[in-house]
Engineer: 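One structure is given below, represented as structure tokens, and several questions about it will come after.
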Amino acid sequence: MMEAVVLHEIAHVVGLGHVNEPMELMHASNGGQVDHGPGDLEGLARLGSLPCR
Ligand SMILES: [Zn+2]
């Protein structure tokens, strides 16, 4: 569970916000997720496709 919190916070650092989908890691309150959900991965993929500044 601690690892999920760290992943959540790292996702914030790289630019992800909270989502309304309870099964995503980026939901505001962790309901037992231990890894990124499909929406989390989609968000990270989009961030990764942005040009570096
Ligand atoms: Zn958060």
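When a ligand or atom number is given, it counts from 1 through the structure's own listing order.
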Engineer: Grab the two heavy atoms, one from D35 and one from L7, that are nearest each other, plus how far apart they are.
Structural biologist: OD1-CD1, 4.2 Å

Engineer: Just list the side-chain donor-acceptor pairs under 3.5 Å for residues 19-27, sequence neighbours left out, or say none.
Structural biologist:
unit_1 : atom_1 : unit_2 : atom_2 : d
E21    : OE2    : M23    : N      : 3.3
E24    : OE1    : G39    : N      : 3.0
E24    : OE1    : D40    : N      : 3.1
E24    : OE2    : G39    : N      : 2.9
H27    : ND1    : S29    : O      : 3.1

Engineer: Please write out which residues are connected to V6 in a hydrophobic cluster, directly or through intermediates, given that two of Ile, Leu, Val, Met, Phe, Trp, Tyr count as joined at side-chain heavy-atom separations below 4.5 angstrom.
Structural biologist: M2, I10

Engineer: Share the residues that join V13 in a hydrophobic cluster, the rule being Ile, Leu, Val, Met, Phe, Trp or Tyr side chains under 4.5 Å apart at the heavy-atom level.
Structural biologist: none

Engineer: Which residues and atoms, protein N, O or S only, are under 2.8 Å from the Zn ion (ligand 1)?
Structural biologist: H8 NE2, H12 NE2, H18 NE2

Engineer: Could you check if a side-chain atom of L44 sits within less than 4.5 angstrom of a side-chain atom of H36, using non-hydrogen atoms only?
Structural biologist: yes

Engineer: In terms of the angle between their ring planes, are H8 and H18 parallel, tilted or perpendicular, with boundaries placed at 30° and 60°?
Structural biologist: tilted

